[in-house]
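The chains referred to below are lettered A, B, ... by the order of the sequence lines, with proteins before strands, and numbering in each begins at 1. Atom set for the values below is all heavy atoms of this structure, side chains included, hydrogens, waters and symmetry mates excluded.
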There are 2 protein chains.
Amino acid sequence: MKRNSRLSLALHTLSHMAHAPDSLRKSADIAAHAGTNPVVVRRVLGNLRQAGLLVSEAGHSGGWRLARPPQEITLADVYLALDERLAAPQIDDTAHGCSVEHALYDRVSKVMAEVEQTLIQKLSETTILEIRDSAD
Amino acid sequence: MKRNSRLSLALHTLSHMAHAPDSLRKSADIAAHAGTNPVVVRRVLGNLRQAGLLVSEAGHSGGWRLARPPQEITLADVYLALDERLAAPQIDDTAHGCSVEHALYDRVSKVMAEVEQTLIQKLSETTILEIRDSAD
DNA sequence: ACTCCCGTAACTAGAGAAGTTACGCGATTC
DNA sequence: GAATCGCGTAACTTCTCTAGTTACGGGAGT
């Protein structure tokens, strides 16, 4: 039970899918490999589906599949799909009109926004295909 | 009860101290201003003391004071003093010898380390004196 | 001596995330 | 067309982390 395991799970799963982009995978199998629960997998992969990275098929012999070629999916796509902003603005609700608080918030928010952009930029330089290849 | 309020508290308090670097402040007063508890204040400021940013004096009429001039204390100093690495390596203990897991970890760790350095660099460009001045 | 404030330990409380159970829906399979 | 199987989701539980709280010892002024 660890924080940010959602991103780990998502990246891990997609990187594996890059091996055989056309095969369907069941949430139960993915969960077993990742050491977690099928419902957790469906929750996380559901976000990736909304972002257009994955498609899921219902019914007998359903499952998950990449929505586009693995060389067109970057780590940044996955990060953004999960909507976990690393550089949250750290807003303080106890800002009782304190001018120092506002000055700090302005400055730190600006720095965080820049850092967030740096992170996304760096993550966008690697595709899940490259992760797959470097693992072989 | 919010995550990372420690950094907010630390920055807020030090920025206020930049107004009058020589006056002693009691943890109870600081806590009242920040809307928290004296013990919490002592815990957080204790980290800053260990990092050499603050000194505390015990006994009657004791309290807290900046250890050096406010123009020599940057936001990065405060961030580092609290030892809250924003870009934690996201290690996954369920790495059961999966090569994809390792490849991912290597790549993401590298990116995170670079982002962490970017953050520290940007934070080091602002001193608490500048925060104080921009608040006036 | 008395008082005040820091330093710390120990405990409580609450939020947040993952894990779990349960069930409906749709599609495939027979 | 009935059974099966997998996704989609809701509701609940469990675990962990952090802040908040209480309590008390020790040192430094008054």
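- The phosphate of C:dC5 (OP1 or OP2) has no side-chain N or O of B:Ser27 nearer than 4.0 angstrom.
- DNA chain D lies under 4.0 Å from at least one heavy atom of each of the following residues of residues 63-70 of chain A: A:Gly63, A:Trp64.
- Atom pair B:Gln50:CD and C:dC6:C1' shows a separation of 14 Å (rounding to whole Å applied).
- One can place CD of B:Glu84 at 10 Å from C1' of D:dT18, the figure rounded to the nearest angstrom.
- Cluster annotation: A:Leu82 and A:Leu80 are assigned to the same hydrophobic cluster (Ile/Leu/Val/Met/Phe/Trp/Tyr, side-chain heavy-atom contacts under 4.5 Å, transitive).
- The distance between atom CZ of A:Arg43 and atom C1' of D:dT9, rounded to the nearest whole Å, is 9 Å.
- Minimum atom distance to the side chain of A:Lys26 is reached by D:dC7, of the listed D:dT22, C:dG7, D:dC7.
- Regarding contacts with the backbone of D:dG8, a side-chain N or O of A:Arg49 is found under 4.0 angstrom from either OP1 or OP2.
- Put simply, OG on A:Ser15 and CG on A:Leu75 are 7.0 Å apart, with the number rounded to the nearest 0.5 Å.
- We find that CG of A:Leu82 is positioned 10 Å from P of C:dA18, with the value rounded to whole Å.
- A straight line from CG of A:Asn37 to P of D:dC7 spans 12 Å, rounded to a whole angstrom.
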Give every donor-acceptor pair under 3.5 Å between a side-chain atom in residues 45-61 of chain B and any protein atom, sequence neighbours left out.
residue, atom, partner, partner atom, Å
B:Arg49, NE, B:Ser56, OG, 3.4
B:Glu57, OE2, B:Arg65, NH2, 2.9

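- Listed by chain and number, the residues in a side-chain hydrogen bond (donor to acceptor under 3.5 Å, both in side chains) with B:Glu114 are A:Lys122 (sequence neighbours excluded).
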Exercise for review: Begin from the C-alpha positions of A:Arg43 and A:Arg6 and carry the test side chain to side chain contact (heavy atoms under 4.5 Å, CB included) through to its verdict.
Suggested key: CA-CA 9 Å; A:Arg43 277 205 285 247; A:Arg6 291 170 67 239; over 6 Å; no
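- At whole-Å resolution of the value, CZ in B:Arg6 and P in D:dG20 are 12 Å apart.
- Of the possible polar contacts, none joining the A:Ser109 side chain to the A:Asp106 backbone as a donor-acceptor pair under 3.5 Å is found.
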Pairwise N/O distances under 3.5 Å, protein to nucleotides 28-30 of chain D:
residue, atom, partner, partner atom, Å
D:dA28, N3, B:His60, N, 3.1

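- As rounded to whole Å, 15 Å separates atom C1' of D:dC7 from atom CG of A:Asn47.
- The phosphate of D:dG6 (OP1 or OP2) has no side-chain N or O of A:Ser56 nearer than 4.0 angstrom.
- Sorted pairs that involve residues 11-20 of chain A and meet salt bridge (Lys or Arg N to Asp or Glu O under 4.0 Å), not counting sequence neighbours, are lacking altogether.
- Listed by first then second residue, pairs satisfying salt bridge (Lys or Arg N to Asp or Glu O under 4.0 Å) with a partner in residues 72-81 of chain B read B:Arg68-B:Asp77, not counting sequence neighbours.
- Across every non-hydrogen atom of A:Val115 and B:Val115, the tightest pair is CG1-CG1, 3.4 Å.
- Atom CZ in A:Arg42 sits roughly 13 Å away from atom C1' in C:dG19 (whole-Å rounding).
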